[in-house]
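Reviewing the structure listed below.
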Amino acid sequence: MKKFVNDPANFVPEFMTGVLAANAGLLDGNLEFQMVKRKDRPSPNHVSIVQGSGSGHEPAHICAVGPGMLSAACQGPVFAAPPVDACYETIKAVATDAGVLVLVNNYQGDRMAWDMACEMAEAEGIKLKQFIINDDVAVQDSTWTVGRRGVAGNFFVMKACGAAAEAGADLDTVYAVAEKVNNNVRTMGVGLTSCIPPAKGDAIFDIGDDEMEVGVGIHGEPGRSREKIRAADSITQTLFDAVQSDLPYNSGDRVALMINGLGGTPPAELYVVYAKAAQLAADAGLVIARNYVGEYCTALDMVGCSLTMLKLDAELEGLLAAPAECAVRVF
Amino acid sequence: MKKFVNDPANFVPEFMTGVLAANAGLLDGNLEFQMVKRKDRPSPNHVSIVQGSGSGHEPAHICAVGPGMLSAACQGPVFAAPPVDACYETIKAVATDAGVLVLVNNYQGDRMAWDMACEMAEAEGIKLKQFIINDDVAVQDSTWTVGRRGVAGNFFVMKACGAAAEAGADLDTVYAVAEKVNNNVRTMGVGLTSCIPPAKGDAIFDIGDDEMEVGVGIHGEPGRSREKIRAADSITQTLFDAVQSDLPYNSGDRVALMINGLGGTPPAELYVVYAKAAQLAADAGLVIARNYVGEYCTALDMVGCSLTMLKLDAELEGLLAAPAECAVRVF
Amino acid sequence: MSTLTIAQIEEALDVTCDTVIRNEKYFSDLDGLAGDGDFGTSLATGFKVIKADLPGIDKSAIGAMLLKISMICSKHVGGSSGPIWGTGFMRAGMVSKGLTEIGHQQLTDMVGSALEGIMARGGAVRGDKTLLDALIPIHEKLQEMDGSDLGVVLAAVAQVADQAIDETRGLIAHRGRASQVGARSANTPDPGIVGIATILCDWCKHYGVDYTPQAAELNH
Amino acid sequence: MSTLTIAQIEEALDVTCDTVIRNEKYFSDLDGLAGDGDFGTSLATGFKVIKADLPGIDKSAIGAMLLKISMICSKHVGGSSGPIWGTGFMRAGMVSKGLTEIGHQQLTDMVGSALEGIMARGGAVRGDKTLLDALIPIHEKLQEMDGSDLGVVLAAVAQVADQAIDETRGLIAHRGRASQVGARSANTPDPGIVGIATILCDWCKHYGVDYTPQAAELNH
Ligand SMILES: Nc1ncnc2c1ncn2[C@@H]1O[C@H](COP(=O)(O)OP(=O)(O)O)[C@@H](O)[C@H]1O
Ligand SMILES: Nc1ncnc2c1ncn2[C@@H]1O[C@H](COP(=O)(O)OP(=O)(O)O)[C@@H](O)[C@H]1O
Ligand SMILES: [Mg+2]
Ligand SMILES: [Mg+2]
Ligand SMILES: [Mg+2]
Ligand SMILES: [Mg+2]
């Protein structure tokens with residue numbers, strides 16, 4: 001296994017220890033509940049924002065905690081929803097009179113865990129609202145599945161809500177921001193390899209040397225189709241078309257465009273994809289007001305990327321531009 | 001080949017197009033010479049700083065251009081030094097009366113190209129100094145090789161010199177900063193897989209499923225030894241010991257500690273390594289004044305990481321803390 | 001009609017812990033066929049804690065004990081199984097609040113309450129290929145029987161769960177991770193159903209009740 | 001004693017372009033044995049431009065033409081080969097500045113000047129297993145000869161380069177990327193030496209000079 005791990009059973013607490021050690025000024029941690037929080041939250045005048053999911057998607061979510069981003073986050077085992085108690089303790093750790101917005105990516109396990117935690121917290125009188133993120137266009141909605149998955153678009157929900165909360169917006173307003181972002185953001189990914197969970201030690205799905213999974217999920221779930229690998233421009237076109245055709249992105253619209261690496265793809269290749277995506281957006285008359293190229297929501301060490309596009313209005317553009325800080329730093 | 005590429009011959013201009021498109025407000029580009037520069041340089045009152053090397057190490061070097069970092073950079077083909085003319089044009093593009101500091105990682109090809117370019121530029125009356133970076137402890141110095149390689153420690157040279165130049169220091173002072181950083185920074189890496197150059201299409205060296213190359217170079221050059229893969233903590237200990245024993249890092253010293261991903265290792269694993277490295281530093285009585293966990297100097301898609309430690313004094317700590325900006329952004 | 005005491009339920013829970021812990025890898029492997037391969041680990045992580053805590057747990061009433069079990073699931077079981085098993089134990093505990101022994105009707109009500117809670121929690125219905133496809137027919141079978149002989153009841157519900165494995169094998173999962181592979185989940189057993197059936201068959205063995213498992217997964 | 005005109009040198013350069021372009025993959029493969037596998041591509045990238053630009057290049061003098069070739073190397077050849085070949089052409093051009101034809105002595109001086117420049121540029125000496133291990137004995141051979149018959153001279157230097165391949169094969173590289181693999185570079189040919197020898201053997205073929213290459217890499 002080509003990985004930096006000790007006992008796979010300790011993988012989550014160990015990398016959390018690293019995150020906490022590297023951000024001692026910013027974050028408090030509670031390893032009993034795989035939880036981190038901003039040192040300066042809760043604050044009586046600020047809505048708190050929390051999210052948590054399975055591990056393996058770093059920087060989502062514990063590295064997304066900080067001023068202008070999440071107030072607290074917790075992690076489950078790799079690719080498994082956090083235990084209910086971890087969710088509950090995370091809410092409690094930043095509960096405030098201004099209320100808590102609980103962001104949940106749309107997966108059965110995450111939803112059930114956060115539902116229970118929210119019920120427990122509400123039973124104790126904690127004021128909160130829950131919001132479900134589902135930006136992945138790969139999986140079509142249907143009456144008998146849990147619906148579209150929440151993937152990298154989730155970054156924009158955290159960023160915009162984080163900025164609104166930081167500015168003192170109330171719970172209903174921050175919730176409305178989440179709704180607006182989710183209504184206007186779409187993502188699709190592609191996986192060129194499977195990822196390898198540390199505890200399993202090998203690939204979670206088989207894929208040929210010349211194959212890719214179009215629409216792959218961030219846990220390696222199958223997407224729309226298994227296809228032969230194509231040139232970067234052609235793959236980018238597929239991702240862009242899937243995203244663009246899912247919403248009425250109109251000529252003249254201002255957008256934020258993200259190319260998100262899934263963990264095993266290096267920076268130069270993400271920029272090859274960005275170059276083509278930016279050209280396609282320009283061809284469609286879209287104005288790229290902000291762009292993001294890097295790792296925002298990974299699938300362990302999967303080679304692949306996703307393309308996310310968020311339609312902006314003045315409010316969202318302002319929220320994305322607001323300063324923020326989290327465990328991911330360059331300098 | 002599990003990569004986002006079109007024609008491999010166009011890989012470098014294509015990813016540069018992406019970088020330029022994503023940073024239109026910050027950077028000007030000249031694809032004829034695979035070069036990018038700060039829009040606001042040259043400035044008559046500021047020393048310019050340039051560097052350039054083979055491609056495949058992104059964000060080094062074109063994504064390291066910006067306020068408080070490089071003034072300009074150029075890229076060669078993947079893993080090959082830039083053509084002499086590209087180096088020359090890069091110097092010329094930011095030449096200023098305050099002078100140009102040319103940073104060169106210690107590789108034969110890079111040194112020869114920059115030597116020629118500097119001779120050409122000096123012949124035209126451009127004021128400059130050249131500085132060679134060689135922080136890799138894996139390769140021992142020797143009379144009949146070109147000596148130690150320049151690797152991720154290079155980031156600290158760029159950052160500190162960039163901050164000094166931004167503050168208006170003169171060429172000799174900025175050169176002295178480069179010297180001080182290089183004298184106090186040491187790095188060693190480990191590769192768990194080979195990387196795959198786009199033009200070659202397969203691995204540049206063979207390595208067993210259970211093997212790692214300790215001291216690997218950022219072009220896949222062999223290091224100190226080929227060993228069986230061990231637990232993350234044990235690998236980290238090896239890297240830390242090699243780095244720490246190469247300089248007198250004394251109890252009480254303040255240091256900057258970097259865990260640099262080589263391209264194919266995801267964030268969570270880098271934090272597992274950081275957790276152990278931070279503990280080893282603390283055990284040695286070192287004070288980690290600043291830390292860096294992420295991709296700073298990659299080797300294409302190699303799975304692996306390097307550990308860099310820089311001994312700080314008040315001057316260097318101030319320079320590292322100064323604000324800076326480059327193509328690598330989170331928000 | 002025979003009754004079950006707290007001590008007897010504790011014993012059954014302890015046997016359950018052994019079953020889950022012993023099958024950690026096997027249950028995960030089954031989940032790997034169409035799901036994400038974590039069912040065994042998730043469940044075993046929690047039941048290792050239950051096994052350790054059981055002797056010292058509050059046993060003033062059956063409900064109190066089950067609520068504590070539920071809380072351990074909430075704290076230590078990740079993935080969907082945390083809320084599902086946590087909800088199940090909590091709902092069974094609510095129905096047995098204050099009781100120190102239960103009869104057949106109360107046992108039946110506890111199972112019914114648990115499965116209602118799980119349905120409300122995860123939105124699954126019969127035929128979605130989840131452990132509800134074992135729990136619902138078990139509940140029906142309990143309603144049909146009078147409970148005069150505990151061994152007979154146990155063999156009957158074990159058989160119901162056993163049959164559920166093969167009856168649902170051909171279905172396409174509509175809930176949980178396995179639902180995301182679409183048709184690829186057909187012809188794989190649901191690990192949750194196998195889990196329930198394995199526990200019941202191990203109870204049969206432990207209590208000397210004669211029952212011969214049919215499904216391949218119970219004879220692996 | 002016979003002389004070489006600008007036109008003749010242009011023709012030899014054009015043949016050189018064909019050789020380098022045709023061997024792009026082979027030269028890179030050789031570099032891949034102990035180096036980084038880019039020698040063929042780096043060189044061919046430049047010689048494709050030279051091939052295209054040659055007809056229109058300044059041919060007022062041999063030196064002017066070679067300086068232009070040097071500049072193309074500087075612009076289009078990455079890696080160590082850019083500075084090495086660029087320096088070589090520049091230094092040869094400096095010695096032939098203003099000349100429209102050259103004799104044997106001038107040819108010898110051009111090679112001598114080129115190899116001195118390359119030694120100064122990269123710090124390599126004889127025995128470091130670089131193309132200098134071909135250029136230095138070629139220069140010595142030229143010094144020994146009188147150049148009365150160009151064909152005889154060409155066959156002689158081709159043989160020197162050919163022999164250099166096998167004479168250096170066992171050495172450990174001390175310069176360039178191949179030096180970083182230490183002992184692993186022994187028993188591989190140096191691609192730069194093979195490149196020089198291949199060019200000279202192709203000149204023999206082109207000009208009808210009888211020479212039978214010995215090294216395996218020249219008969220691949
Ligand atoms: N919505 C649901 N309701 C009831 N049971 C469910 C539901 N979703 C999944 N299950 C059961 O849980 C089992 C999978 O558990 P686990 O692997 O822990 O969850 P996850 O799908 O989050 O990885 C399935 O085999 C199924 O029996
Ligand atoms: N310092 C040097 N002086 C002379 N020739 C050299 C030197 N270093 C390398 N060479 C020659 O260049 C060849 C390799 O060229 P190339 O692959 O382009 O360079 P790089 O080592 O940068 O990849 C070697 O085979 C050798 O003949
Ligand atoms: Mg799971
Ligand atoms: Mg090279
Ligand atoms: Mg599962
Ligand atoms: Mg080479």
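- Taking a cutoff of 4.0 Å between a charged side-chain nitrogen and a carboxylate oxygen, D/Arg121 and B/Glu119 qualify as a salt bridge.
- The local environment of CG in D/Asn219 is crowded, with over 12 non-hydrogen atoms from other residues, nucleotides or ligands closer than 6.0 Å.
- D/Thr87 touches chain B through backbone and side chain together, each having a heavy atom under 4.5 Å away.
- Heavy atoms of other residues, nucleotides or ligands lying less than 6.0 angstrom from CG of B/Asp209 number 12 at most.
- In terms of heavy-atom proximity, B/Ala80 sits nearest to D/Gly78 at CB-C, 4.3 Å.
- A side chain to side chain contact (heavy atoms under 4.5 Å, CB included) with D/Pro83 is found for one member of B/Asp115, B/Val84, B/Asp110 and no other, namely B/Val84.
- Of the atoms belonging to B/Tyr88, not a single heavy atom falls under 4.5 Å from chain D.
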Discussion item. Applying side chain to side chain contact (heavy atoms under 4.5 Å, CB included) to B/Asp85 and D/Met71, what does each step give before you reach the verdict?
Written reply: CA-CA 8 Å; B/Asp85 261 31; D/Met71 285 164 70; 5.7 Å; no
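- No part of B/Arg111 comes within reach of chain D, as not one of its non-hydrogen atoms sits under 4.5 angstrom from that chain.
- The main-chain N or O of D/Ser80 is never found under 3.5 Å from a side-chain atom of B/Gln108 such that the two would form a donor-acceptor pair.
- Taking SG of D/Cys73 as the reference point, atom CE of B/Met116 lies at 9.0 Å (rounded to 0.5 Å).
- The candidate with the highest count of non-hydrogen atom pairs below 4.5 Å against chain D, out of B/Met112, B/Glu32, B/Lys200, is B/Met112.
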